[in-house]
Visitor: 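Have a look at this one.
Since this is a predicted model, take the numbers as computed values, not measurements. Numbers here are sequence positions counted from 1.
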Amino acid sequence: MRISKSLSVFLTITFATAGIHNISAVMTAPEICYSESAGFIPGDINSDGQVNTTDALLLQKWLLNMADITDTALKNPLAGDLSNDNVLNIPDLCLIKEKLINAVSETNVIHVTNTEELKSALENAKAGDEIVLAEGEYIYTGSTPKGRMFTGSGEGLENNPIIIRSENPDNPAVLSGSSTSSSYVLTVTGDWWEIRNLKITNAQKGIILDNSNHTKITGCEVYNIGSEGIHFRDNSSYCLAENCYVHDTGVVSPGYGEAIYIGSAKSTTGYGFDCHYNTVRSCKLGPNVTAEHIDVKEYTIGTVIENCIFDGTGMSGENSSKSFVNIKGNNCTLRNNVGYRNGCEKILRAFEQNQVVDGWGQNALVYGNKVYMDTSTGATGKKMYFLNSWDCSVTVWDNFMAYENDLFSVDNEDDHWKYYNCNLITYGESS
């Protein structure tokens with residue numbers, strides 16, 4: 001049985017809420033009878049094709065007469081009558097929660113040993129599939145529609161994701177393209193995937209998420225890539241890159257060689273811009289990432305970058321790549337990262353924030369970061385700023401920088417213009 005931490009917390013809290021604290025409100029809630037038969041999934045009150053915590057929470061709110069839930073919010077009330085008494089009440093809520101607690105993940109393990117087997121497994125992947133790759137190299141051959149090589153379009157579920165992983169994480173399977181100048185190694189276009197412990201190499205781009213939500217990329221190494229290594233693109237939100245190692249990117253197009261790229265530039269056509277609430281955590285980025293280690297594009301919201309290590313060796317300076325991270329979206333959080341310039345003269349500041357579209361590049365939180373910049377003056381003769389952020393709002397605290405010697409705090413307001421080229425800065429306080 002597999003129940004997520006969030007689900008178990010939800011069940012604990014809401015049993016107490018519906019069963020004890022608000023019992024009088026529940027007993028006085030309206031009771032609506034239904035006798036008409038129809039096809040449905042038992043428990044799927046909102047008719048989205050699955051039974052999950054959303055259905056339980058919806059029924060609970062309705063029983064509690066909460067103002068934001070009307071009768072019409074229950075798109076299929078009959079599906080909630082699990083006690084088969086033609087009434088929606090507390091026993092039905094309990095049965096839905098019991099159904100969630102007792103839900104057993106229908107995992108279907110698919111062992112893969114060669115390229116054709118992998119292509120087939122990805123093409124036919126469905127919720128609950130676990131694609132397990134034997135040790136070895138999987139080199140793509142054949143046509144590449146839209147530049148995509150290994151492609152998964154199946155839809156996973158919150159409690160039944162689609163998993164693709166190496167059988168032996170200590171000797172990961174290698175997914176390879178045929179040339180660093182074209183195509184993408186692995187593209188996922190469905191929701192709720194987990195990509196674990198794979199090596200991705202030898203293509204124009206490494207891992208692409210297109211219109212994929214709640215997908216996790218963990219423990220992967222991406223390297224020898226013509227342009228960017230990992231791209232959250234085309235309305236991909238709530239995704240995670242964690243414990244990944246991305247290096248040697250931009251080997252063909254240095255100005256487009258970001259390790260991780262979130263969203264799309266305003267000039268891009270054909271892709272949705274809504275890539276929101278994505279997280280990059282505990283990743284090692286570099287050496288030889290030729291553009292920024294992480295580029296957060298305009299029109300994105302809520303990106304979190306935390307606990308990462310940036311190795312500046314090999315940054316090209318092309319296409320304005322001058323820093324470890326470039327933030328152009330709103331409400332981003334950059335925290336507890338460590339950056340090493342490692343003598344790269346193309347790096348002229350640690351971080352930057354840009355308003356390339358009016359109203360964007362705003363409300364960042366930047367705290368707990370440490371950067372080793374080697375020198376107080378960049379190759380152009382200008383100060384080595386911790387953050388270059390003109391006309392962009394940001395709150396900062398607990399950040400440190402080093403030149404030749406030890407780390408020092410950059411968050412004394414009296415030293416504002418020494419370390420922050422920012423006219424909309426707020427100094428926060430350590431928590």
Visitor: Evaluate the criterion side-chain hydrogen bond (donor to acceptor under 3.5 Å, both in side chains) for residue pair Asn108 and Asp129; output intermediate values, then yes/no.
Guide: CA-CA 5 Å; Asn108 177 34; Asp129 281 358; 3.2 Å; yes

Visitor: Starting at NZ of Lys205, measure out to CD of Glu228 and round the result to the nearest 0.5 Å.
Guide: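 Going from NZ on Lys205 over to CD on Glu228, the span is 4.0 Å.
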
Visitor: Mind listing the closest non-hydrogen atom pair of Leu88 and Asp81 along with its distance?
Guide: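 Where Leu88 meets Asp81 most closely, the heavy atoms are CD2-N, 3.8 Å.
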
Visitor: Could you give the distance from CG (Asn202) to OG (Ser182), rounded to the nearest 0.5 Å?
Guide: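 Result: 9.0 Å between the selected atoms.
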
Visitor: Got a second to check how far Asp295's CG is from His231's NE2, nearest 0.5 Å?
Guide: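 Rounded to the nearest 0.5 Å, the CG-NE2 separation comes to 9.0 Å.
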
Visitor: Between Asp398 and Arg335, does any side-chain N to carboxylate O distance fall below 4.0 Å?
Guide: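 Salt bridge between Asp398 and Arg335, a charged N being under 4.0 Å from a carboxylate O: no.
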
Visitor: How far apart are the C-alpha atoms of Asp411 and Tyr420, what are their side-chain angles, what is the distance that settles it, and do they pass the side-chain hydrogen bond (donor to acceptor under 3.5 Å, both in side chains) test?
Guide: CA-CA 9 Å; Asp411 291 331; Tyr420 291 104; 2.5 Å; yes

Visitor: Are there over 12 heavy-atom neighbours, none belonging to Glu345, within less than 6.0 Å of that residue's CD?
Guide: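 It does not: Glu345 CD has 12 such atoms or fewer within range.
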
Visitor: Check each of Tyr372, Phe400, Phe351, Tyr403 against Phe386 using the ring pair (Phe, Tyr, Trp, His ring centres under 6.0 Å) test, and report the only one that passes.
Guide: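 Of all the options given, the one that passes is Phe351.
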
Visitor: Which residues pass the salt bridge (charged side-chain N to carboxylate O under 4.0 Å, His left out) test with Glu137, not counting sequence neighbours?
Guide: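 Result, salt bridge (charged side-chain N to carboxylate O under 4.0 Å, His left out) vs Glu137: none returned.
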
Visitor: Could you work out, with salt bridge (charged side-chain N to carboxylate O under 4.0 Å, His left out) as the rule, every residue matching Lys216, not counting sequence neighbours?
Guide: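 Lys216 satisfies salt bridge (charged side-chain N to carboxylate O under 4.0 Å, His left out) with no residue once adjacent residues are dropped.
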
Visitor: With sequence neighbours excluded, tell me which residues meet ring-ring contact (aromatic ring centres under 6.0 Å, His included) with Phe324.
Guide: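 ring-ring contact (aromatic ring centres under 6.0 Å, His included) check on Phe324 returns His293, Phe310.
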
Visitor: Under the salt bridge (Lys or Arg N to Asp or Glu O under 4.0 Å) rule, what pairs show up with a residue in residues 182-195, not counting sequence neighbours?
Guide: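 For residues 182-195: Glu194-Arg196.
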
Visitor: With sequence neighbours excluded, tell me which residues meet side chain to side chain contact (heavy atoms under 4.5 Å, CB included) with Asn421.
Guide: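 So Asn421 forms a side chain to side chain contact (heavy atoms under 4.5 Å, CB included) with Tyr385, Asn388, Trp390, Trp417.
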
Visitor: Let me confirm one number: the CG-CG distance from Leu334 to Asn369, rounded to the nearest 0.5 Å.
Guide: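 Here the rounded value is 4.5 Å.
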
Visitor: Is any side-chain heavy atom of Asn124 closer than 4.5 Å to one of Ile110?
Guide: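 No; the side chains remain at least 4.5 Å from each other.
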
Visitor: Between atom CD1 of Ile207 and atom SG of Cys244, what is the distance when rounded to the nearest 0.5 Å?
Guide: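 Those atoms lie 6.5 Å apart.
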
Visitor: Who pairs with Asn336 by side chain to side chain contact (heavy atoms under 4.5 Å, CB included), at least two apart in sequence or on another chain?
Guide: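 If we apply the side chain to side chain contact (heavy atoms under 4.5 Å, CB included) test to Asn336, skipping adjacent residues, the hits are Asn307.
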
Visitor: Fit a plane to each ring of Tyr367 and Trp397, take the angle between them on a 0 to 90° scale, and name the class: parallel (under 30°), tilted (30 to 60°) or perpendicular (over 60°).
Guide: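 Tyr367 vs Trp397 ring planes: parallel.
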
Visitor: Applying side chain to side chain donor-acceptor pair (under 3.5 Å) as the test, list every pair that has at least one member in residues 246-257; sequence neighbours left out.
Guide: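 Output for this query lists Glu221-His247, Asp248-Asn288.
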
Visitor: Check each of Val289, Thr303, Ile230, Ile305 against Ile294 using the side-chain contact (heavy atoms from CB on, under 4.5 Å) test, and report the only one that passes.
Guide: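 Exactly one option meets the side-chain contact (heavy atoms from CB on, under 4.5 Å) with Ile294, and it is Ile305.
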
Visitor: Pairs in or reaching into residues 350-369: which pass salt bridge (Lys or Arg N to Asp or Glu O under 4.0 Å), with residues at least two apart or in two chains?
Guide: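 Non-adjacent pairs meeting salt bridge (Lys or Arg N to Asp or Glu O under 4.0 Å): Arg349-Glu352.
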
Visitor: Return each pair, listed once, that meets ring-ring contact (aromatic ring centres under 6.0 Å, His included) where at least one residue sits in residues 176-198; pairs must be two or more places apart or across chains.
Guide: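 Sorted pair list: Trp192-His214.
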
Visitor: Under the side chain to side chain donor-acceptor pair (under 3.5 Å) rule, what pairs show up with a residue in residues 260-272, not counting sequence neighbours?
Guide: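 The answer is Arg233-Tyr271.
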
Visitor: Do any pairs count as a salt bridge (Lys or Arg N to Asp or Glu O under 4.0 Å) and have a residue in residues 363-374, sequence neighbours left out, and if so which ones?
Guide: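 Salt bridge (Lys or Arg N to Asp or Glu O under 4.0 Å) check on residues 363-374 returns Arg341-Asp374.
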
Visitor: Enumerate the ring-ring contact (aromatic ring centres under 6.0 Å, His included) contacts for residues 124-177, please, sequence neighbours excluded, ordered by first and then second residue.
Guide: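 ring-ring contact (aromatic ring centres under 6.0 Å, His included) check on residues 124-177 returns Tyr140-Phe150.
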
Visitor: What distance separates Cys332 SG from Tyr277 OH, expressed to the nearest 0.5 Å?
Guide: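 Rounded to the nearest 0.5 Å, the SG-OH separation comes out at 10.5 Å.
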
